[in-house]
**Q** 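First the structure, then my questions, so here it is.
Here the structure is a predicted model, which is why all the values come from computation and not from measurement.
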Amino acid sequence: MTDGSDRARWIVLLVKLPSEPTRHRVAVWRELRKVGALSLGQGIWAVPDLPVFTAGVARALELTEQAGGEAISLHAAGASTADAARFEAMFTAAREDEWAEYLADCGKYEAELDKEIRNTKFTLAELEEEEQSLERLRRWHRDLKARDVFGAPTAVAATQRLQHCTLRLEDYTERVFAALHAPDPSAGGMR
């Protein structure tokens, strides 16, 4: 058996909150989900012991304390190489689920662009809306990439899809400006 120094270290949180008001439970749950914590059971969460998770764990502990709850933070590692690999696989599977959701949203974004092009809706207001949607995808990608510390396989496809969405927005932008600068045939001049 190895000494475990080559295995990932984890922070395991044991969180106990008062049953009422439920908003405190929801706030802690949301914070832990946002940071990418892996739920191991009721009130038991784990994240890799890495700096990218420190602030989110601290916020969850602070919210727990503010709610009058209790939290215990433990350091852990798999008891064996196989246990460590299973734990890493569980964490990576959770990231895969997030990447799949991300890819689905990229598809929705592309479908929205397709609809605007099909309907020739080339307005500055629509362009601004599409730019905001792409920025949301960029932030989401950045957040997912930060917590995908073991490199889920779908991450590469997600990065490529974001690049494709960026190219699609560039194309839509060109179409908007071309439409805005095109002569208006009904007015006999420029728009």
**Q** Might you confirm whether atom CD of Glu135 has over 12 heavy atoms from other residues, nucleotides or ligands at distances under 6.0 Å?
**A** yes
**Q** So which atom in Ala77 and which in Arg9 form the shortest heavy-atom distance, rounded to 0.1 Å?
**A**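 For Ala77 versus Arg9, the nearest heavy atoms are CB-NH1, 4.2 Å.
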**Q** Side-chain heavy atoms under 4.5 angstrom apart, residues restricted to Ile, Leu, Val, Met, Phe, Trp, Tyr: same cluster for Met90 and Leu144?
**A**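 Hydrophobic grouping puts Met90 apart from Leu144.
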**Q** Taking the side chain as everything from C-beta on, heavy atoms only, tell me whether Glu116 gets closer than 4.5 Å to Arg175.
**A** no
**Q** Once you measure the plane-to-plane angle for Tyr102 and His141, does it fall in the parallel (<30°), tilted (30-60°) or perpendicular (>60°) bin?
**A** tilted
**Q** In Å, rounded to the nearest 0.5 Å, how long is the span from CD of Glu112 to CG of Asp114?
**A** 9.5 Å
**Q** Under 6.0 Å from the CD1 atom of Ile72, do we count more than 12 heavy atoms belonging to anything else shown?
**A** no
**Q** Of Asp171, Leu169, Val176, which is the lone residue that meets side chain to side chain contact (heavy atoms under 4.5 Å, CB included) with Thr173?
**A** Leu169
**Q** Is there a side chain to side chain contact (heavy atoms under 4.5 Å, CB included) between Leu137 and Arg139? Walk through the geometry before answering.
**A** CA-CA 6 Å; Leu137 287 172; Arg139 282 191 310 271; over 6 Å; no
**Q** Roughly how far, to the nearest 0.5 Å, is the NZ atom of Lys145 from the CH2 atom of Trp99?
**A** 6.0 Å
**Q** Minimum heavy-atom separation for Glu126 to Tyr172, with atom names?
**A**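 Smallest interatomic distance, heavy atoms only, reads CG-OH, 3.1 Å.
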**Q** Would you call Arg33 and Trp45 a side-chain contact if the rule is heavy atoms closer than 4.5 Å?
**A** yes
**Q** Is there a chain of hydrophobic side chains (I, L, V, M, F, W, Y, each step under 4.5 Å between heavy atoms) that links Ile117 to Leu167?
**A** no
**Q** Can you tell me how far NZ of Lys121 sits from CG of Leu127, rounded to the nearest 0.5 angstrom?
**A**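 Answer rounded to 0.5 Å: 12.0 Å.
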**Q** When clusters are formed by joining ILVMFWY residues with side-chain heavy atoms under 4.5 Å apart, either directly or through shared neighbours, do Leu103 and Leu113 land in the same one?
**A** no
**Q** Given the rule that I, L, V, M, F, W and Y join up when any side-chain heavy atoms are under 4.5 Å apart, are Val26 and Val15 in one cluster?
**A**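 No, separate clusters.
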**Q** Please evaluate residues Arg59 and Val35 with respect to the criterion side chain to side chain contact (heavy atoms under 4.5 Å, CB included), reporting the C-alpha separation (whole Å), side-chain torsions for both, the decisive distance (0.1 Å), and the verdict.
**A** CA-CA 10 Å; Arg59 281 190 302 274; Val35 77; 5.6 Å; no
**Q** Identify whether Val149 and Val156 are in the same connected component of the hydrophobic contact network (ILVMFWY, side-chain heavy atoms under 4.5 Å).
**A** no
**Q** What are the two closest heavy atoms between Gly36 and Arg95, and how far apart are they?
**A** O-NH1, 3.1 Å
**Q** Supply the atom-to-atom distance Thr154 OG1 to Asp97 CG, rounded to the nearest 0.5 angstrom.
**A**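 Reported value, rounded in 0.5 Å steps: 9.5 Å.
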**Q** If the plane angle is over 60° it's perpendicular, under 30° parallel, otherwise tilted; pick one for Phe91 and Phe150.
**A** perpendicular
**Q** Could you check whether any side-chain N or O of Thr54 sits under 3.5 Å from a backbone N or O of Pro51, counting only pairs where one atom can act as donor and the other as acceptor?
**A** yes
**Q** His24 and Trp29: aromatic ring centres closer than 6.0 Å?
**A**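 Aromatic pair excluded; centres sit 6.0 Å or further apart.
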**Q** Closest heavy-atom contact between Ala27 and Leu63?
**A** O-CD1, 3.8 Å
**Q** Report yes if some heavy atom in the side chain of His164 is under 4.5 Å from a heavy atom in the side chain of Arg168; otherwise report no.
**A** yes
**Q** Can you name the nearest heavy-atom pair linking Thr92 to Pro153, along with the distance?
**A**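 The answer is CG2-CD, 4.3 Å.
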**Q** Indicate yes or no: at least one non-hydrogen side-chain atom of Pro48 is less than 4.5 angstrom from one of Glu88.
**A**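 In short, these two side chains do not touch, never coming nearer than 4.5 Å.
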**Q** Any Lys/Arg nitrogen of Arg86 or Asp83 sitting under 4.0 Å from an Asp/Glu carboxylate oxygen of the other?
**A** yes
**Q** Below 4.5 Å, heavy atoms only, C-beta onward: do Leu13 and Thr64 meet side chain to side chain?
**A** no
**Q** Please lay out, stage by stage, how Tyr109 and Leu134 fare under the test side chain to side chain contact (heavy atoms under 4.5 Å, CB included).
**A** CA-CA 8 Å; Tyr109 177 75; Leu134 182 62; 3.5 Å; yes
**Q** Counting only heavy atoms not in Glu131, do more than 12 sit closer than 6.0 Å to its CD atom?
**A** yes
**Q** State whether the side chain of Arg138 and the backbone N or O of Leu162 hold a donor-acceptor pair below 3.5 Å, judged by distance alone.
**A**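 Side chain of Arg138 to backbone of Leu162, a donor-acceptor pair under 3.5 Å: no, none is there.
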**Q** In sequence, state the C-alpha distance, the side-chain angles, and the governing distance for Asp105 and Lys108, and then conclude on salt bridge (charged side-chain N to carboxylate O under 4.0 Å, His left out).
**A** CA-CA 5 Å; Asp105 268 29; Lys108 290 175 187 173; 3.7 Å; yes
**Q** Before you tell me yes or no, could you show the steps for Arg147 and Asp143 under side chain to side chain contact (heavy atoms under 4.5 Å, CB included), namely the whole-Å CA-CA distance, both residues' side-chain angles and the distance that decides it to 0.1 Å?
**A** CA-CA 7 Å; Arg147 65 179 172 254; Asp143 293 346; 4.1 Å; yes
**Q** For residues Ala76 and Val12, report the shortest heavy-atom separation together with the two atoms involved.
**A**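 Of all heavy-atom pairs spanning Ala76 and Val12, the closest is CB-CG2, 3.9 Å.
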**Q** So do Trp140 and Glu101 actually touch side chain to side chain, heavy atoms under 4.5 Å?
**A**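 Yes, at least one pair of side-chain atoms sits under 4.5 Å.
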